[in-house]
Structure formats: structure tokens, C-alpha cells
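Both ligands and their constituent atoms are indexed starting at 1 by order of listing.
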Amino acid sequence: MKHVAKTVAAALAAAALGLPGVVQAQDYPGSRPVSAVVPFAAGGPTDKVARELAQVMTKHLGATIVIENLGGAGGTIGAKKVAQAKNDGHTVLIHHIGMSTAPALYRNLGFDPLKDFEYIGEIADVPMVLVGNKNLPPNTLKDLLPYIKANASKLSLANAGIGSASHLCGLLFQSAIQTELTTVPYKGTAPALTDILGGQVNLMCDQTTNIAGQLKANALKPYAAMQPRRVEAFKDIPTAAEQGLSNIEVKIWHAMYAPKGTPQPVIEKLSAALQKSVTDPGFRAKMAELGAEAVPAQRATPESLKTFLGNEINKWTPVIRKAGVYAD
Ligand code: ASP
């Protein structure tokens, strides 16, 4: 009874002050689920990270987190939808490095990663591997390079659209080998992988969270790990640098955001649940199994994500400008 009286008093005070968010923040999350928008196709790398996280975070938040896949345009369609969603803590975005590359890539992005979101925290880092259809003749990156030079007009490179991780990685690869390949965009690398396996497209830079099973089953040809060190779960795949190609390293980080103006107490609750989730042994083990690494709790915070996102934008903008790639 006392609590009800307090809540009513808070509601009246909030209404008088024009602060409609105060009462919702107190009661958050309540019984309504939280919709987590994944801006890529279901079954893909970001979706896998998101679904594993949703399972454990549901427990720590005390509300069901439901994944909503909204793929297309390299993740920008889903991100824009969340930027414009109701800021009541019931819609969040789970996105990756594309949040930092999209501003340089898109002339009309329709949202600003630095102005239109509240930051909840980072989730996991995922390595990338350059893979090809298993019937491609070359077995190593060393053999692939002359093969590409001789067959560039016939070879295609899949990606998840401009602004996706596969797009960025493919961009770095093509620039390093100074050869342009035909690129084929998909709504995510899950559908792209189906076509790589079927031979409709030839090559793709993909996150290990999407291809771990196929790598273990030797269903793909792995050409290079696109990071400075070999991937812990796939030690037999040499890095690109080991095979003579440097400056094409890219680490795919994932993070969670809410629309701008989501009340701070709500953000704090979401971030606290995220911090508990990234340190959950089950979640960490699942990420490791997929070749990924859950971040430490101190990176699963709004402050850390805000700083990191700013740094990543500063890092990638000149690289993209130099490549001269734009989308409308
Ligand atoms: N993360 C994307 C996906 O989930 C793929 C990509 O960014 O390349 O499909």
C-alpha cells in the first residue's frame, strides 16, 4: 500500500514536472517484453550473438528479450528503425562495427550514431575469416591471389550490404590486392553463406560466428584469418599477414543501444543486466565455441561504448574516404 502511494505520488510529481519517463523507469522492465532489433538476417553472425545474449540477459533483466531481424542496406535499415522507436526501454538495437562505418559510407544515412542513441554497452568481439567455396582450386591465400588476378572478372565476393562487416573486410581485401571483384549484397551473411556453399558466389569475408560449423566440417575453404593473431578456435588457419597481406585486419565488435532519450535508470538496468550476461560462464563458453570472445564487464557499459564508438568512427572514416566508397 505504502509503495502504491509512493508510486502515485511520483507519478503526480513527474506529471507536474513534465517528466513522463520517471514512472516507467521505476517500474521497468515490467511484464512487457523487450524487442532487440538485429539489423541482419536470422541465423547469421550477429543474430547468433544476439540470440545467445537474449537467452541469458532475459534472466538477468527479468523480462523476455525477443529478437527482431530487420536486415538490409548493411544494417542501416534496422539501426534507423531503432533510432526512431519509442524510447521506453522496450526497443533496443544489437549492432556491430557497422555503427562506426555507416556515417562515412552513406550520404543519406537517416540517423546519427553519435546523437540518436543511448549506449548500453559492448557485447562480444568476433574474428573474420576469408573463405571460399570448397571447389575453388586454390588451397591457400598464396595460391588464391594469382588465381584472382587471372579470373577477376569471373569471381564474385558476397557481403551483407554496404556498411556490413563483410563489406568492410572485402573492401580492405580488394584494396590490398588492388583488384576489384564483383560484389553480391545479401540481407546478412546467413543467406550469403548458403550461396557460397552452393557455388553461386565464390568468396566472402565472414565472421566465425556464422561459419564455425562449416569450418569444422571442412565445407568451406578458409584462406586467411583477418586479424593479427590466429583465431583461438581455428588455430590451423593462418593469418593474412603471415601470408604476406598486411593492413587488412578487422575485429568485429558488437554492442547494444537504445533510442535517444530512453530514461537513464532504464539504461542502467539494461547495462547492469548486460554486464552480468557477458560475464556469465555459459555465454562466454558459447562465444568461445563460435570463435568469438565475450567482452569483460567494464566494456559492457555506456561510458566505454560511447568512447569506443567515437574512436572507431575516427579510425574508419579516413580509411573509407580513401577507398572512395559511397552509398545513398
Ligand atoms: N553481421 C552480418 C550478419 O549478421 C554480416 C556482416 O556484417 O557481414 O549477417
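A donor atom on one side chain and an acceptor atom on the other are not found under 3.5 Å apart for Thr91 and Lys86. Asp206 and Ser166 are not linked by any side-chain donor-acceptor pair at a separation below 3.5 angstrom, with hydrogens and angles left out of the test. Side-chain atoms of Gln275 and Ser271 include a donor-acceptor pair closer than 3.5 Å.
Scanning the protein heavy atoms around atom 7 (O) of ligand 1, the nearest turns out to be His96 NE2, 2.6 Å. At the top of the distance list for atom 9 (O) of ligand 1, counting protein heavy atoms only, stands Thr189 N, 2.8 Å. For atom 1 (N) of ligand 1, the nearest non-hydrogen atom of the protein is Thr46 OG1, 2.6 Å.
Within the 4.0 Å heavy-atom cutoff, Ala41 does not count among the residues contacting ligand 1. Not a single heavy atom of Lys48 lies less than 4.0 angstrom from ligand 1.
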Can you list the steps and then say if Asp125 with Arg299 is a salt bridge (charged side-chain N to carboxylate O under 4.0 Å, His left out)? CA-CA 11 Å; Asp125 294 329; Arg299 277 179 59 194; 3.0 Å; yes
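Contact atoms of ligand 1 toward Gln207: 1 (N), 2 (C), 5 (C), 6 (C), 7 (O), 8 (O) (distance under 4.0 Å to a heavy atom of the residue). If you number the atoms of ligand 1 from 1 as listed, the ones under 4.0 Å from a heavy atom of Ser164 come out as 6 (C), 7 (O), 8 (O). Taking a cut-off of under 4.0 Å to the non-hydrogen atoms of Pro45, the atoms of ligand 1 that pass are 1 (N), 2 (C), 3 (C), 4 (O), 5 (C), 9 (O). Interface atoms of ligand 1 facing Ala165, defined by a heavy-atom separation under 4.0 Å, are 6 (C), 7 (O), 8 (O). Below 4.0 Å from some heavy atom of Ala160 lie the following atoms of ligand 1, by number and element: 5 (C), 6 (C), 8 (O). Heavy-atom proximity to Gly188, at under 4.0 Å, picks out these atoms of ligand 1: 9 (O).
Close N/O approach between Ala190 and ligand 1 is not found [any backbone or side-chain N/O within under 3.5 Å]. Backbone and side-chain nitrogen or oxygen atoms of Ser166 are examined, and one is located within less than 3.5 angstrom of a nitrogen or oxygen of ligand 1. Not one N or O of Lys187 is nearer than 3.5 Å to an N or O of ligand 1, by distance alone.
Among Val56, Ile94, Leu270, Thr58, the single residue meeting the side chain to side chain contact (heavy atoms under 4.5 Å, CB included) criterion with Ile65 is Thr58. With respect to His254, the side chain to side chain contact (heavy atoms under 4.5 Å, CB included) criterion is satisfied by exactly one of Val295, Ile123, Thr209: Ile123.
Here His167 has no heavy atoms under 4.0 Å from ligand 1, in either its backbone or its side chain.
Note on Lys286 versus Glu289: salt bridge recorded, some NZ/NE/NH1/NH2 to OD/OE distance being below 4.0 Å.
Between Met128 and Val250, the closest heavy-atom pair is SD-CG1, 4.1 Å.
Taking 4.5 Å as the limit, every side-chain heavy atom of Val231 sits out of range of all side-chain heavy atoms of Ile237.
Between the side chain of Asn87 and the main chain of Lys260, a donor-acceptor pair closer than 3.5 Å is present.
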